[in-house]
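Here the structure is laid out as structure tokens; the discussion comes afterwards.
Counting from 1, the numbers follow the sequence of the chain as shown. As the structure is a prediction and not an experimental result, all values here were calculated from the model.
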Amino acid sequence: MIDLTRLTAGELAQRIRQRGLSAEAVVAAFLTRIAAVNPTINAVVQLAPDALDRARQADHDLAQGRIHGPLHGVPFTVKDVFDVTGLPTAVGLEGRRHAVAGEDAIAVQRWRQAGAILLGKTNCPPGGAGSDTENLRYGRTLHPDDPTRTPGGSSGGEAALIAAYGSPLGLGSDSGGGLRVPAHFCGVAALKPTVGRVPNTGAYNQRGGLTDVRTQIGPLARSVADLALAWPLLCGQDFIDAGVVPMPIGDPTSICLGELSVAYFSSDPAAPASAETADTVGAVAQALARAGVHVEPARPRDFVRNGRGISDAYAEIAALRGQDVVELYDAWDGYRSFALQFMRPYDAILCPVAHQPAPPFREVDRKRFDYTLPFSLLGWPVVVVPAGRSKTGLPIGVQIAARPWREEVVLALGLAVERELPVARRPHSTL
């Protein structure tokens with residue numbers, strides 16, 4: 001008998017539409033899986049009490065010929081920074097344990113309107129931002145492969161649950177790597193869209209607009225194809241988040257790989273990558289070349305060092321005054337201009353997500369976000385693709401970034417990596 005939790009979001013959507021599966025059976029299977037794995041990994045902090053009722057309604061509507069959208073009947077989960085009607089948005093803080101939301105965040109609304117069914121909310125660092133998923137309210141989320149390792153942050157609960165087959169599709173957020181690093185650590189795919197694509201409305205302490213120019217909301221899944229299916233449904237103005245730009249959305253299937261040129265680098269001197277990480281980037285570059293992509297080694301000068309410096313200064317912006325603030329933004333603008341100039345002959349950049357696989361919990365790791373922060377400062381779209389494993393079995397992902405608004409390019413390249421360099425599905429474990 002098929003294990004429904006092993007199917008991708010796209011496969012589930014297709015089988016439900018074709019009446020080969022019921023939404024109720026699918027939701028029940030994932031709830032059962034959560035009950036089995038959550039006592040070990042502690043990823044889910046709230047279950048949606050109406051998930052099965054909504055699944056039954058989805059089956060009834062389908063029987064009447066009503067399909068609500070491309071995710072009809074497909075379960076999903078969200079990081080506990082997103083408001084969900086009737087559930088607390090505690091974000092790991094004891095003082096918010098009773099902060100029950102009166103309406104859904106816009107991103108949650110949009111997936112629900114596309115027919116998806118919320119299973120529950122997942123753990124995050126205190127306040128929703130941090131490098132490890134651990135807090136006093138809900139405790140620590142563990143890596144699904146090795147309980148001594150961190151799943152990362154800030155979307156660590158989502159990444160761990162999806163990797164453990166507790167959810168086919170997740171919603172997280174990324175200011176400096178909060179989607180990408182957990183995806184890399186746990187062996188799942190993630191997309192950080194261009195800043196300005198998705199409204200941040202209803203996400204705790206993630207205001208969007210001019211006051212939050214790095215944070216972007218995006219999906220996690222076990223395949224790039226699922227990212228391509230789900231992310232466009234999040235996009236577009238809500239007339240609240242003033243930072244959203246109504247740009248056209250490209251189709252990754254329209255991209256000709258033979259016309260793309262990709263720069264790649266396996267390590268940066270400011271954050272030397274482990275040998276296994278560098279080898280994985282090299283293997284992906286070779287895979288893209290086999291797919292017809294022009295690839296060549298090239299790295300923006302001082303990419304990590306200058307990005308780290310700007311990010312460190314921005315973190316202290318409240319303490320800066322007058323000319324210091326002007327100089328910070330001038331340096332930031334210069335960094336963005338330099339990166340665009342570097343990209344003139346290229347369509348994308350391939351590089352590590354982090355300098356190493358998932359480290360032990362609370363290991364002092366000041367370089368964890370060194371490869372992701374630059375693209376946060378640039379606001380560019382980035383996809384993370386699982387691409388290998390370390391000698392100890394830990395996942396290793398790569399990130400592929402493109403110019404602003406070219407999500408279809410990174411998704412097309414991610415799909416090519418999955419075809420040319422398939423990573424074995426996660427093995428059945430003790431979870």
Side-chain angles (χ1 to χ4, degrees), residues 34 36-46 77 79-81 90-94 120-167 170 172-188 190 220 271-277 280 308 311 315 352-373 384 386 388-397 399 426-427 429-431:
I34 289 171
V37 302
N38 208 53
T40 300
I41 64 173
N42 188 37
V44 177
V45 296
Q46 296 283 338
T77 45
K79 176 183 176 183
D80 188 31
V81 297
V91 291
L93 301 174
E94 280 290 344
K121 305 180 76 175
T122 54
N123 206 15
C124 63
S131 58
D132 289 319
T133 299
E134 180 180 27
N135 59 68
L136 294 177
R137 174 73 184 97
Y138 295 121
R140 173 184 290 185
T141 297
L142 304 181
H143 193 287
D145 288 323
D146 183 344
T148 69
R149 307 265 170 175
T150 178
S154 59
S155 305
E158 276 300 315
L161 185 68
I162 292 169
Y165 296 105
S167 174
S173 58
D174 189 309
S175 296
L179 277 166
R180 290 166 286 160
V181 170
H184 156 63
F185 282 174
C186 295
V188 300
L220 301 97
S274 69
E276 293 170 318
T277 300
T280 300
R308 184 192 297 154
S311 181
V353 182
H355 66 104
Q356 63 179 353
F361 246 103
R362 292 185 176 175
E363 178 181 276
V364 177
D365 184 7
R366 290 181 171 81
K367 298 179 180 179
R368 182 174 298 183
F369 298 104
D370 277 359
Y371 287 92
T372 53
L373 274 169
V384 170
R389 285 187 178 264
S390 71
K391 292 178 181 177
T392 59
L394 293 172
I396 299 175
Q399 61 178 346
R426 298 179 59 81
S429 67
T430 55
L431 289 179

Carboxylate-amine/guanidinium contact Asp145 Arg389, below 4.0 Å = yes
Heavy-atom closest pair (Arg368 atom, Pro359 atom, distance to 0.1 Å) is NH2-CG, 3.4 Å
### Query
So, Asn123 side chain and Ala43 main chain: donor-acceptor pair closer than 3.5 Å or not?
no
On a heavy-atom basis, the closest approach of Phe185 and Ala354 is CE2-CB, 4.5 Å
Heavy-atom nearest pair, Ala190 first then Leu220, reads CB-CG, 4.1 Å
Just wondering, do Arg149 and Pro357 contact through their side chains at under 4.5 Å, heavy atoms? no
Correct closest heavy-atom pair for Glu134 and Pro126 would be O-CD, 3.1 Å
Margin query: Would you say that Asp365 contacts Gln356 through its side chain, given a criterion of any heavy-atom pair below 4.5 Å between the two side chains?
Written below: yes
Sequence neighbours excluded, the answer for side-chain hydrogen bond (donor to acceptor under 3.5 Å, both in side chains) partners of Arg308 is Asp370
Q: Look at the side chain of Ser167 and the backbone N and O of Ile162, then say whether any donor-acceptor pair between them is shorter than 3.5 Å.
A: no
Separation between CG (Leu161) and OG1 (Thr122), nearest 0.5 Å, reads 7.0 Å
Exactly one of Thr280, Val384, Ile396, Thr277 clears side chain to side chain contact (heavy atoms under 4.5 Å, CB included) with Val353, and that residue is Val384
Is the backbone N or O of Leu93 less than 3.5 Å from a side-chain atom of Asn135, with the two atoms forming a donor-acceptor pair by type?
no
To the nearest 0.5 Å, atom CZ of Arg366 lies from atom OG of Ser131 at 11.0 Å
To the nearest 0.5 Å, atom CD of Glu158 lies from atom SG of Cys186 at 11.0 Å
Output for pair (His184 NE2, Tyr371 OH), nearest 0.5 Å, gives 10.5 Å
Closest non-hydrogen atoms of Ala358 and His143, given as atom of the first, atom of the second and distance, are CB-CD2, 3.8 Å
Nearest heavy-atom approach of Pro125 to Gly153 is CG-CA, 4.5 Å
_Between Thr372 and Gln399, is there a side-chain heavy-atom distance shorter than 4.5 Å?_
yes
One should read off an interatomic distance between Tyr165 OH and Ile34 CD1, to the nearest 0.5 angstrom, of 15.5 Å
Distance col, row Asp80:CG vs Thr133:OG1, nearest 0.5 angstrom, shows 11.5 Å
Q.
Do Glu276 and Leu394 have side chains that approach each other closer than 4.5 Å (heavy atoms only, starting at C-beta)?
A. no
Original post:
Is there a side-chain contact between Pro151 and Pro182, using heavy atoms and a 4.5 Å cut-off?
Top reply: no
query: Does any N or O in the side chain of Ser155 come within less than 3.5 Å of the main-chain N or O of Gly178, such that one atom is a donor and the other an acceptor?
result: yes
What's the verdict on side-chain hydrogen bond (donor to acceptor under 3.5 Å, both in side chains) for Thr150 and Asp132, showing C-alpha distance, side-chain angles and the deciding distance?
CA-CA 6 Å; Thr150 178; Asp132 289 319; 2.7 Å; yes
Leu142 meets the side-chain contact (heavy atoms from CB on, under 4.5 Å) criterion, sequence neighbours left out, with Arg140, Pro147, Phe361
Residues at least two apart in sequence or cross-chain that pass salt bridge (Lys or Arg N to Asp or Glu O under 4.0 Å) with Lys79, listed by chain then number, are none
